[in-house]
There are 2 protein chains.
Amino acid sequence: MSTKNKILDAAEILFADKGFNGTSLREITSLGEVNLAAVNYHFGSKKELIKAVMSRYMNELSPRLESALSALCHHDVQPSLKDVFSAFIEPLLHLNEFKENGTSTFLQLLGRGYTDSQGFLRWFLTTQYPGVFTHFTEAVHKAYPELSAEEMFWRLHFTMGTIVFTMSSSDALIDIAQNDFDRQVDIAGVIKQVIPYVAAGVAAPINR
Amino acid sequence: MSTKNKILDAAEILFADKGFNGTSLREITSLGEVNLAAVNYHFGSKKELIKAVMSRYMNELSPRLESALSALCHHDVQPSLKDVFSAFIEPLLHLNEFKENGTSTFLQLLGRGYTDSQGFLRWFLTTQYPGVFTHFTEAVHKAYPELSAEEMFWRLHFTMGTIVFTMSSSDALIDIAQNDFDRQVDIAGVIKQVIPYVAAGVAAPINR
DNA sequence: CGCTATTTTAAACAACTGTTTGAATTTGGT
DNA sequence: ACCAAATTCAAACAGTTGTTTAAAATAGCG
């Protein structure tokens, strides 16, 4: 295992758990059992390390996600909104093959990125991976053409919020659910719960 | 203006903008134009200051919110889910009377509190203001009795996520919306957009 | 081997963190 | 006006932060 990967592996765990601001380089290097200076040697700075952690997941996720969404767009029949959101399931759960607890870790990181560090990560993702966003809005438009661009803008951001926020606190929520309802829940179970919710939200009647 | 309030006013602005971890006491005291040591003198610690900032809003919000929700519960006719969520509008917008940009600031703080500092603020709110949560779930149960406790648990947390996440990045979203759609938007406009969304999400058909 | 380039290491850096101290100042009551 | 309590203040505290340095170790290759 290379030093670079040791750092990435340790960093993503701590970032997901305590946020980017809340994690120090010393915590990362001691969990990864590498020297402190290795971070700056291999990545240049903490900010670049954050980008590298996210890129490792995005490079795995985005091709699968884009092809799943564009398949919906170029199909003859009109997809339902549930189809559109279900297109996320396979690419997201595939991150579990890529890495242990990959799905949950990635979604937690995404949640952190939206609130930590004044949104520089949002800028990074939208500029570096614009294809995901355009394919997604295209697919939603095909499923629900009556929705104006402005209404879609809001509802898609509401959806981002629901997903990202839920996942960034998914560990705590899963704990509570298991105590209160005595039911085994995992990240896939949460995803299956959230899809009807966001699909219905986006499909809400237009209020003019 | 008392020193205590100068600190609270400066702190809430910076906390909302940069998060609790991301804001130092020195930034707060220099924005508030008070001495650094005043924070520890008046509040004891940074953690207590965070609680005080949140309490000032919660004490203003929670009685109005609880009475609006319990009014729904004790009314004879069954409320719709839209009624339940609309019950939030007046108490939330009232925070703008209480303080300039109060609504948006409070909701941003709430968003910060859920992700920053490993959820200690969530613990604080649920233990210090349990009435809001119980009244809310009661009202939703009256509007949608078929929803099991577990499904309601998830959907209410999805809703929290939608609201809190949207509001914590509402400044950025409002900026984008005004550029892209050339339309004046404010926090009340966002609230009116989000209510049909969350109401439809909670009302989604049960998927068994 | 011998040499170069890459990588690792311990140590130090300056800047910043929340908190404490003790003296100076202001305030409110008599 | 006096005294005591409450408040403000500059300074320092000890600890942590990201980053840099220069020497030591390792690796790769002819």
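Order of the sequence lines fixes the chain letters, A, B, ..., with proteins taken first and strands second; residue numbering starts at 1 for each chain.
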> Looking across every strand, which nucleic acid part, if any, lies under 4.0 Å from Thr23(A) by heavy atom: base, sugar-phosphate, or nothing?
Replying inline: sugar-phosphate
>> Is the phosphate of dT7(C) approached by Thr3(A) (side-chain N or O, under 4.0 Å from OP1 or OP2)?
In response: no
>> Whether Asp9(A) and Arg56(A) form a salt bridge (side-chain N of Lys/Arg under 4.0 Å from carboxylate O of Asp/Glu) is what I want to check.
In response: yes
> Can you check whether Asn35(B) has a side-chain N or O nearer than 4.0 Å to OP1 or OP2 of dA10(D)?
Replying inline: yes
> What integer distance in Å separates Asn21(B):CG from dC16(C):C1'?
Replying inline: 15 Å
> Quick one: Lys46(A) NZ to dG18(D) C1', roughly how many Å, whole number?
Replying inline: 8 Å
> So, Glu60(A) and Lys99(A), do they make that salt bridge, N to O below 4.0 Å?
Replying inline: no
> To the nearest angstrom, how far is Leu36(B) atom CG from dG18(C) atom P?
Replying inline: 9 Å
> Thinking salt bridges, do Glu90(A) and Arg64(A) make one under a 4.0 Å N-O criterion?
Replying inline: yes
> Do Phe85(A) and Phe136(A) have their ring centres less than 6.0 Å from each other?
Replying inline: yes
> Within this structure, what is the OH-to-C1' distance between Tyr41(A) and dG18(D), rounded to whole angstrom?
Replying inline: 19 Å
> Over how many whole Å does the gap from Asn40(A) atom CG to dT7(C) atom C1' extend?
Replying inline: 14 Å
> Aromatic rings Phe98(A) and Tyr57(A): how do their planes relate, parallel, tilted or perpendicular, breaks at 30° and 60°?
Replying inline: perpendicular
>> Expressed as a whole number of angstroms, how long is the span from Asn5(A):CG to dT8(C):C1'?
In response: 17 Å
>> Once you apply a heavy-atom cut-off of 4.0 Å, does Ala38(B) come out as touching a base, just sugar-phosphate, or nothing?
In response: nothing
> What integer distance in Å separates Met1(A):CE from dT7(C):P?
Replying inline: 17 Å
> Under 4.0 Å between a side-chain N/O of His42(A) and OP1 or OP2 of dT6(C), yes or no?
Replying inline: no
>> The side chain of Ala37(B) is closest to which nucleotide in this list: dG18(C), dT17(D), dA10(D)?
In response: dA10(D)
> How close or far is atom P of dT20(C) from atom CG of Leu25(B), stated in whole angstroms?
Replying inline: 11 Å
> Below 4.0 angstrom from OP1 or OP2 of dC16(C), is there any side-chain N or O of Ser24(B)?
Replying inline: no
